[in-house]
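One structure is given here, and the rest of the page talks about it.
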Amino acid sequence: MRNEIFALVDCNNFYASCERVFQPSLRTTPIGVLSNNDGCIVAMSKEMKKLGISRGKPAFKIFHLLQKYNIKLFSSNYALYGDMSARVMKTLSQFTPEMEVYSIDEAFLRLTEFQHLDLNEYGKEIRDTVFKWTGIPVSVGIGRTKTLAKIAARIAKKYSKFNGVFNTIDHPKMDKILETIPVEKVWGIGRQYAKKLKKYGILNAYKLSQVPEYWVKRQLTVVGLRTVRELQGDSCIDFEMDIIPRKEVVASRSFGIPITELSDLQEAVASHCTRAVEKLREQNLVASYVTVYLTTNRFKNEPQYANYSSSTLIVPSAYTPDFLKEVKIALKRIYRPNYNYKKVGVMISKIMHQNNAPLYFFYPNYLDDKRKDIMDNVDAINKNWGTNTIRYAASGTKQKWQMQREFLSPSYTTNWDELPVVR
DNA sequence: TCTGGGGTCCTAGGACCC
DNA sequence: TCTGGGGTCCTAGGACCC
């Protein structure tokens, strides 16, 4: 067993905290951030959590509370959150050469080479520095495995007496600590697994750590087995410093209103497709497989239909028109009239790095002909002048399918016209 | 629940081959 | 047809994550 040391740095209520950074007057106001389409609550400040509102609640259900509790709602603003995330990660990277950016608001730091430090002090320094440089409050959890670091961060966040930092390494009461963690809060144990485990009386992390391996493997596959070993202090979930190439890229949106006409769906699909291929290019990837899917609203009591269709490109590409051509045909194959559609999506897979794409004698390679130059220019313009400055006619101009974002905050950090003004 | 979007991994089972 | 064994590859579905 290796004696690893991991820290998990987790931003507190990340989206809500981002909004607050730019509106300091909301320091004590309950803040909620909504999902796309302003559909439901995806993030809350602690003041709002205290009101007993739960994540995932449909937004309209709390409209009557807004005035009473002076709640401030925001439509999600991923341009802002992405930019703030980059600032946090850049700050964190100063504390170790070995960092894994795990999600938009979390990073693992490998601190195995820092055994000699007072880890609690180091954690506090990390926390204070991130707050000073970005305005985002974070929790720091330290443990021998990633799973234990996760649990530590949860404790750091939950109990204010720890000042946002908790270290489980060599903790004398480790068993007691694990007993306080409900099994469904363990990283890797979701709703279904928790249900199964509870049936057998395995209610908390300590119990889970004591379960025989063959039983776990049979019930929860090798994934569950890894989790159990991690709880025992045996690090077996890989630490991924390198950015691993995506295996698939998805772009999809629910519609603001039900959509029936093929022409509207074609616009939406073209728009999603354009975004998906953009994401490919951001990482210098090419791909050769694209899937279009559509679905009606399964929560409505009306005729239901869902289907998908895929196409293979002759040559792996990141040239948007190559994909637009395919998704148009694919959508036509699966479209049926007279349904109220809720959502369409485009998924791109069979992805590889552009330098690894096979060369074909009869077909031009994406890198070789003018297509890459064209795409680079389009991307540069859209980056400088704003998303969709240049876009494809196929995406349409009516865009009646566009989502609703009633409570959108300004793009403080990514749009020159919306910079905060100091008077 | 009247519900967001974007990902990953694992397994079972079918297709196909010898 | 009262039907062998074994391997690989692919896909759908189910679980998980943020």
Side-chain angles (χ1 to χ4, degrees), chain A residues 8-15 32-43 53-63 74-78 81-82 85 100-108 146-147 150 153-154 183-197 216-227 230 236-238 240 243-256 258 268 271-272 275-276 278-280 282-283 285 289 291 293 295-302 306-308 310 312 342-351 403-405:
Chain A
L8 175 70
V9 181
D10 190 354
C11 299
N12 299 346
N13 318 318
F14 183 56
Y15 299 167
V33 179
L34 303 171
S35 65
N36 285 310
N37 271 321
D38 294 340
C40 58
I41 309 275
V42 293
I53 297 163
S54 56
R55 208 187 110 104
K57 192 121 181 140
F60 68 87
K61 276 196 170 177
I62 60 156
F63 284 158
F74 293 89
S75 301
S76 45
N77 184 345
Y78 287 100
Y81 311 147
S85 172
E100 174 187 343
V101 176
Y102 177 66
S103 74
I104 194 166
D105 71 333
E106 281 172 69
F108 287 103
K146 287 170 137 188
T147 304
K150 277 273 210 183
R154 184 184 159 80
V183 75
E184 70 271 18
K185 302 296 182 190
V186 174
W187 191 38
I189 306 298
R191 269 233 307 275
Q192 302 303 319
Y193 284 177
K195 211 161 97 186
K196 198 179 273 191
L197 291 166
V216 169
K217 190 174 175 198
R218 201 174 57 214
Q219 297 288 330
L220 313 182
T221 79
V222 298
V223 182
L225 181 55
R226 273 201 288 266
T227 297
E230 287 247 322
C236 46
I237 296 176
D238 284 343
E240 308 279 7
I243 293 172
I244 296 164
R246 299 249 151 278
K247 293 183 176 160
E248 56 186 46
V249 168
V250 177
S252 72
R253 283 281 179 282
S254 297
F255 301 127
S271 164
H272 299 339
R275 273 202 314 123
E278 254 169 31
K279 286 196 230 174
L280 274 186
E282 275 169 19
Q283 300 185 44
L285 304 173
Y289 200 74
T291 303
Y293 58 91
T295 173
T296 50
N297 188 344
R298 68 183 196 280
F299 294 108
K300 280 200 172 159
N301 187 18
E302 56 186 33
N307 206 346
Y308 65 88
S310 303
T312 300
K342 175 68 178 167
K343 181 174 177 177
V344 290
V346 173
M347 183 191 299
I348 291 174
S349 51
K350 301 197 180 165
I351 292 174
M403 59 181 179
Q404 295 164 9
R405 293 211 285 180

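As a basis for the values below, the full set of heavy atoms in this structure was taken, side chains included, without hydrogen atoms, waters or symmetry mates. Below, chains carry the letters A, B, ... as their sequence lines are ordered, and counting in each starts from 1. Since the model is a prediction, treat every value here as computed from it, not as a measurement.
Neither OP1 nor OP2 of B:dT3 sits under 4.0 Å from any side-chain N or O of A:Arg298. A close approach under 4.0 Å does occur between a side-chain nitrogen or oxygen of A:Lys247 and OP1 or OP2 of B:dC9. Distances shorter than 4.0 Å separate none of the side-chain N or O atoms of A:Lys150 from OP1 or OP2 on C:dC17. Within the 4.0 Å cut-off from OP1 or OP2 of C:dG14, not a single side-chain nitrogen or oxygen of A:Arg191 is found. Not one side-chain nitrogen or oxygen of A:Arg55 sits closer than 4.0 Å to the OP1 or OP2 atom of B:dT3. Residue A:Lys279 places at least one side-chain N or O under 4.0 Å from the OP1 or OP2 atom of B:dG7. Applying the 4.0 Å criterion to OP1 and OP2 of B:dG5, one finds that A:Ser254 has a side-chain N or O inside that range.
Here A:Gly188 lies in heavy-atom contact (under 4.0 Å) with sugar-phosphate atoms only. A:Lys343 comes within 4.0 angstrom of the backbone, heavy atoms only, and of no base. Contact annotation for A:Val33: no contact, since no heavy-atom pair falls under 4.0 Å across all strands. Within the 4.0 angstrom heavy-atom criterion, only backbone atoms of the sugar-phosphate kind lie near A:Tyr308; the bases stay farther away. Counting non-hydrogen atoms under 4.0 angstrom, A:Glu106 reaches the backbone sugars and phosphates but no base. Residue-level contact check: A:Leu34 touches neither bases nor backbone, having no heavy atom under 4.0 Å from any strand.
Atom P of nucleotide B:dG6 and atom CD1 of A:Ile244 are separated by 21 Å, given to the nearest angstrom. The NZ-P distance, from A:Lys300 to B:dT1, rounds to 18 Å in whole Å. In this structure, NZ of A:Lys185 is placed 13 Å from P of C:dC16, rounded to the nearest angstrom. Atom pair A:Met347:CE and B:dG5:C1' shows a separation of 12 Å (rounding to whole Å applied). If you take NZ of A:Lys342 and C1' of B:dT1, they are 13 Å apart, rounded to a whole angstrom. Rounded to an integer number of Å, the gap from A:Gln192 CD to C:dC16 C1' is 10 Å. Rounded to an integer number of Å, the gap from CG of A:Leu220 to P of C:dC16 is 9 Å. The interatomic distance linking A:Ile53 (CD1) with B:dT1 (C1') rounds to 16 Å, in whole Å.
A distance of 13.5 Å separates OH of A:Tyr308 from OG1 of A:Thr295, quoted to the nearest 0.5 Å. To the nearest 0.5 Å, atoms CE (A:Met347) and NE2 (A:His272) are separated by 13.0 Å.
A salt bridge between A:Glu184 and A:Lys195 is absent, with no side-chain N of the basic residue lying under 4.0 Å from a carboxylate O of the acidic one. A salt bridge is defined here as a Lys NZ or Arg NE, NH1 or NH2 lying under 4.0 Å from an Asp or Glu carboxylate O, and A:Lys150 with A:Glu106 meets this definition.
Closest to the side chain of A:Ser252, out of B:dG6, B:dT11, B:dG7, is B:dG6. If you check B:dC10, B:dT3, B:dG5 against the side chain of A:Asn36, the one that comes closest is B:dG5. Taking every side-chain heavy atom of A:Arg275 into account, B:dG6 is the closest of B:dG6, B:dT1, B:dC9. Comparing C:dC17, B:dC9, B:dG6 by their closest approach to the side chain of A:Tyr102 singles out C:dC17. Listed nucleotides: B:dG7, B:dG4, B:dC9. Nearest to the side chain of A:Val249: B:dG7. Of all nucleotides listed (C:dC16, B:dG4, B:dG6), B:dG4 comes nearest to the side chain of A:Val42.
In terms of position along DNA chain B, the nucleotide closest to A:Gly56 lies nearer the 5' end than the nucleotide closest to the other residue of the pair A:Tyr293 and A:Gly56. Between A:Ala251 and A:Arg226, the one whose closest nucleotide on DNA chain B sits nearer the 5' end is A:Ala251.
The aromatic rings of A:Tyr15 and A:Tyr81 lie parallel to each other, their planes meeting at an angle below 30°, with 60° marking the opposite boundary.
For the C1' atoms, the distance from B:dC16 to C:dG4 is 16 Å, rounded to whole Å.
Stem regions annotated for DNA chain C: B:5-18 with C:5-18, counting only runs of 3 or more consecutive pairs of Watson-Crick or G-U type with both contacts under 3.5 Å.
Inspection of the A:Thr147 and A:Glu230 side chains reveals an N or O donor paired with an N or O acceptor under 3.5 Å.
Annotation for A:Lys217: atom NZ does not count as buried by contact number, only 12 or fewer foreign heavy atoms lying within 6.0 Å.
For A:Trp187 and A:Tyr193, the gap between ring centers reaches or exceeds 6.0 Å.
With contacts defined as side-chain heavy-atom distances shorter than 4.5 Å, the pair A:Asn36/A:Ser254 does not qualify.
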